[in-house]
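Heads up, the thing below is written out as C-alpha cells.
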Amino acid sequence: MEYVFKEMIKRRIQPNLTTFNIFINGLCKAGKLNKAEDVIEDIKAWGFSPNIVTYNTLIDGHCKKGSAGKMYRADAIYKEMLANKICPNEITFNTLIDGFCKDENVLAAKKAFEEMQRQGIKPNLVTYNSLINGLSNNGKLDEAIDLWDKMVDSGLKPNIVTYNALINGFCKKKMMKEARKLFDDIDKQDLVPNAITFNTLIDAYCKDGMMEEGFALRNSMLYEGIFPNVSTYNCLIACLCRNQKVRAAKELLVEMENYGLKANTVTYNILIDGWCKVNDSSKAEKLLGEMPNVGVKPNHVTYNTLMDGYCMEGNLKAALKVRTRMEKEGKRANVVTYNVLIKGFCKQGKLEDANRLLNEMLEKGLNPNRTTYDIVRLEMLEKGFIPDIEGHLYNISSMS
DNA sequence: TAATTCTCAC
C-alpha cells in the first residue's frame, strides 16, 4: 500500500480524500490503528479535511481491532467527529452498536440505538441485524425477538443475516426446536439459507449430541446447492473429535480435500486438540509438523492447544518445549499460553513454578483474563484458602 | 473510486 502511494506521488498523480480513506481502511484492517489515526494529519497537510467516511472507518477499526478499552477510544473518535462538525450517519451508529455488542456491552449498544433515533436517523436493516445479533449472543433472546417485531412493524423485512443471528441465539441456548422452526421459515419468506445458516445449525446439533442430524444437514446442503465450505467441515471435524473419533475426523479432512476444499489453521487446531483430548499429544505434535507441508501456518491457538495437551498429560517438559518452538517461530507467549502453563504447573502441585509464570506474565504487561483468575481461585479453594475480592490476584506460592 | 450486520478452533 505504501509502495503504491509513493508511486502515485512520484508520477505526480494527486491523491484525493478517497485515496487517504482507502489508506486508513487498509491500516485499520491490518491492526495498525495508531498509524491509521496519524493519516488524519496527512489529510490536513494535503489540504483536505477528514469526512464522515474517514471517521466511520477509524471507529470501525477500533471496534474490530482494538485491545482493552477499545470502545472508549471508538467513542472518543465519535466525539472528535462531532467536535469537527461532521454529522454521524446510520453507518456511524451501526458500527458503534456492533462494536458495543461485541464488547458485551449491550447497554451501551441500546443507548447508541436510542441516540441515533434522537438525532433523527432511522435504524435500517443493518442496525437491527447488529443489535438483534448482539442481544442473541448475550443471552437476551426475549429482547432480540421483541426487536425483530419492532423491525417488522417499522416496515423492514428480515433478511438471511437476521435469521442467522436469531437462529444462533436459539442454538446457544440449546433451543433446537425453535432454531429449526426459524430455519424452516426461511424458505417460506422467499429467502435462501446460506452456508452460515447451515454451519450454525450443524455446529449446534453436534454440540447437543445430535451428530446424525448435523451430518444430515451437510447432505441437504449439497442437495440444495449451497456448498459446504471449510467452516462446515471444521464443525463436523470438531464434532467427531469431541466424540473421540479422531481417526474419522482425519478421514473427513481427506474428504474435504477431495472436494477441492483446503484445510486451514482452524482445521488443524481442531485435530490437534482432538489428539490431545484422547491423551495422544505426540500425534498432535506430528500434525503440527505436517502443517508447513500443506502450506498451513500454525498460530497461537495451535501452540497453546498442544501445550495444553501436554500439560493435561502431566508432561510439563514437553509443554515447555512447545513454547520454545513457538517462540522460535516468532510468536510470543500470550495470556492463554500463560494460563495453560500455570494451570499445568498447578495440577502438578508445582506452585512456585506457577507463581513464577504468573509474575513473568504480569511483568511482560500481559493482562490476566477471567480464566487466569479462575485458575488461581480454584487452586486457592483446593488448598483451603478463601479467595478474597474478585479482581485481586494472589501469589500462588504463598499457599504452599 | 472509500466506511456497517450472521457460523467454527486455545
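Just so it is clear: chains get the letters A, B, ... in the order the sequence lines come, proteins before strands, and each one is counted from 1.
At the heavy-atom level, Asn137(A) lies under 4.0 Å from the strands shown only through sugar-phosphate atoms. Ile91(A) comes within 4.0 angstrom of a nucleotide base, judged by non-hydrogen atoms across all strands. In this structure, Lys29(A) reaches the sugar-phosphate backbone alone: every heavy-atom distance under 4.0 Å involves primed, P, OP1 or OP2 atoms, never a base. Using a 4.0 Å heavy-atom criterion, one finds that Asn299(A) contacts the bases of the nucleic acid, with or without backbone contacts as well. Counting any heavy atom pair closer than 4.0 Å across all strands shown, Asn16(A) reaches a base atom. Looking at heavy-atom distances under 4.0 Å, Asn51(A) makes contact with a base. Across all strands, Asn234(A) comes closer than 4.0 Å to base atoms (heavy-atom distances). Within the nucleic acid shown, Asn334(A) has no heavy atom closer than 4.0 Å to any nucleic acid atom. Within the 4.0 angstrom heavy-atom criterion, only backbone atoms of the sugar-phosphate kind lie near Lys64(A); the bases stay farther away. Counting non-hydrogen atoms under 4.0 angstrom, Ser231(A) reaches a base of the nucleic acid.
Interface limits on DNA chain B: the 5'-most and 3'-most nucleotides within less than 4.0 Å of chain A heavy atoms are dT1(B) to dC10(B).
With respect to the salt-bridge test (charged N to carboxylate O, under 4.0 angstrom), the residues Lys79(A) and Asp75(A) qualify.
Side-chain rings of Phe113(A) and Tyr128(A) approach one another, their centers coming within less than 6.0 Å. Aromatic pair Tyr205(A)/Phe215(A): ring centres not closer than 6.0 Å.
Under the 3.5 Å distance criterion, the side-chain polar atoms of Asn334(A) are matched with a main-chain donor or acceptor of Val336(A).
Between Phe5(A) and Trp46(A), the ring planes are perpendicular. Angles over 60° get that label, and only those under 30° would be called parallel.
Between Met81(A) and Ile52(A) there is a side-chain heavy-atom pair separated by less than 4.5 Å.
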